[in-house]
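All ligand and atom numbering here is 1-based and tracks the order in the structure. Sequential numbering from 1 along the given sequence is applied to the chain's residues. Both backbone and side-chain heavy atoms feed into the values below; hydrogens, waters and symmetry mates do not.
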Amino acid sequence: MKSGLKTQILPAGTAATASAARVLAGGGLVAFPTETVYGLGADAGNATAIAHLYQAKGRPAFNPLIAHVGDLDAARRIARFDSVATRLAEAFWPGPLTLVLPKTENCPVANLATAGLDTVAIRVPAHPIAREILRAFGRAVVAPSANLSGHVSPTTAEHVRSDLEGGIDLIVDGGAVNVGVESTIVGCFDEPMLLRPGGLPRDEIERVLGRALMRPPADAESDNGQPLAPGMLASHYAPRTSVRLNAERLAPGEALLAFGPHAIEGIDAAVTVMNLSARGDLDEAAANLFGYLRALDAKNARTIAVMPIPQDGLGEAINDRLRRAAVGRE
Ligand code: TXA
Ligand code: MG
């Protein structure tokens, strides 16, 4: 992906925000922190910039992007909100929730960013730096996670640098993000559907809706035959090392991704051990997940063995990402 482009890295602040807005307006690519993971932003209305974005990530162009805006009013210019969508937006924005909605007639988001779908994914991030950049730029910014396609999402500026340096214009370094897994995606179709578990736990959404979210069948298609959640390619979040889930004991040569206060059999022979949360806190575990997967992947162990993780709260998103990391490798 290296294109000989010089990537500037700036600490977050007024100067970085101004540079980010300038780069976006000029059709360039800016990585910036959101509360979930770092995003790689481009002007949502600039198809050339978006083509460069797909190229920098090595991302298939049939996988559409999320439009980021500053508030619900800006979102209404892009997408049509029914009562369910309005209720969710009012309850959870700004925050780690993405809504998939029908595009407005004059939707300013380029077709390339929505992969030709008649729906658009949209979110209002809560991170102060993301919000400042959106305010300074003044228009929608499309931003996938700022990693090479197929790698785990970045939770620090250093992760972004190691994946994308030389292929993008600017990285705004705002330190480690606080949620650590990507936004929850809800499709506001006839029945609201959970397209991707993420940083907003399902039960909080269901409490506001007063009903259960549907789960799309694995091969669900929209009316025009395109996949409903096109990004949910089975092995999207793969580290290079194979991943083994629900480990109850450790085999020689394995690295351990632990969870909770208890040791497991064979732990003394582990290549290395990282504990997502020694006190068994799922929010802490989500924040550590992608960074620890990257660190363990660098140890060249035979396998990364992962201890069982409960399914409640952010556990649903953590287990979803871990299953994807393990696909075809178990
Ligand atoms: O937390 C996040 O959501 C981060 C930060 C940067 O905002 N972004 C992120 O973007 O995770 P990305 O591109 O890695 O994932 C976006 C997901 C993909 O799975 C894509 O297929 C799905 O959103 N998506 C986008 N537009 C869609 C649409 N119209 N219908 C269904 N799924 C859509
Ligand atoms: Mg991604």
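Under 4.0 angstrom from ligand 1, the non-hydrogen atoms of Arg59 all belong to its side chain. At a heavy-atom distance under 4.0 Å, only side-chain atoms of Val100, from C-beta outward, approach ligand 1.
Under 4.0 Å is where a charged nitrogen must lie from a carboxylate oxygen, and between Arg77 and Glu105 no such pair does. A salt bridge does not link Arg196 to Asp320: none of the charged nitrogens lies less than 4.0 Å from a carboxylate oxygen.
Ligand 1 does not have Thr114 within reach: every non-hydrogen atom of the residue lies 4.0 Å or more from it.
Under the rule for a side chain to side chain contact (heavy atoms under 4.5 Å, CB included), the partners of Pro96 that lie at least two apart in sequence or sit in another chain are Glu35, Thr36, Leu200.
In summary, the atoms of ligand 1 found under 4.0 Å from a heavy atom of Leu65, numbered by their order in the structure, are 25 (C), 26 (N). Close approach to Asn63 involves these atoms of ligand 1, each under 4.0 Å from a residue heavy atom: 18 (C), 20 (C), 21 (O). Less than 4.0 angstrom separates some heavy atom of Arg196 from each of these atoms of ligand 1: 2 (C), 3 (O), 9 (C), 11 (O), 15 (O), 16 (C), 17 (C). Taking a cut-off of under 4.0 Å to the non-hydrogen atoms of Thr119, the atoms of ligand 1 that pass are 28 (C), 29 (N), 30 (N). Using a 4.0 Å cut-off to heavy atoms of Ser145, the atoms of ligand 1 that qualify are 8 (N), 9 (C), 10 (O), 12 (P), 14 (O). Within ligand 1, counting atoms from 1 as listed, the ones closer than 4.0 Å to a heavy atom of Glu182 are 1 (O), 2 (C), 11 (O). Counting the atoms of ligand 1 from 1 in the order shown, those under 4.0 Å from a heavy atom of Val37 are 4 (C).
Side-chain contact between Arg294 and Asn147 is present, with heavy atoms from C-beta onward closer than 4.5 Å.
At a cut-off of 3.5 Å, with distance as the only test, no side-chain donor of Thr119 or Lys103 sits close to an acceptor on the other residue. Using modelled atom types and a 3.5 Å distance limit, the side chains of Glu165 and Thr7 yield no donor-acceptor pair.
Placement of Ile171 and Phe137 in two distinct hydrophobic clusters is found when ILVMFWY residues are connected by side-chain heavy-atom separations under 4.5 Å, directly or transitively.
At least one cation-pi condition fails for Arg321 and Phe290: the charged atom is not both under 6.0 angstrom from the six-membered ring centre and inside a 45 degree cone around its axis.
Nearest heavy atom pair, residue Pro33 against residue Val172, reads CD-O, 3.4 Å.
For atom 8 (N) of ligand 1, the choice among Ala143, Gly39, Ala113, Gly199 with the nearest heavy atom turns out to be Ala143. Atom 28 (C) of ligand 1 has its nearest heavy-atom neighbour, among Asn147, Val141, Leu117, in Leu117.
Note on Ser149: not counted as a metal contact of the Mg ion (ligand 2), no N/O/S atom lying under 2.8 Å.
By the 3.5 Å distance cut-off applied to N or O atoms, Thr34 is not counted among the residues near ligand 1.
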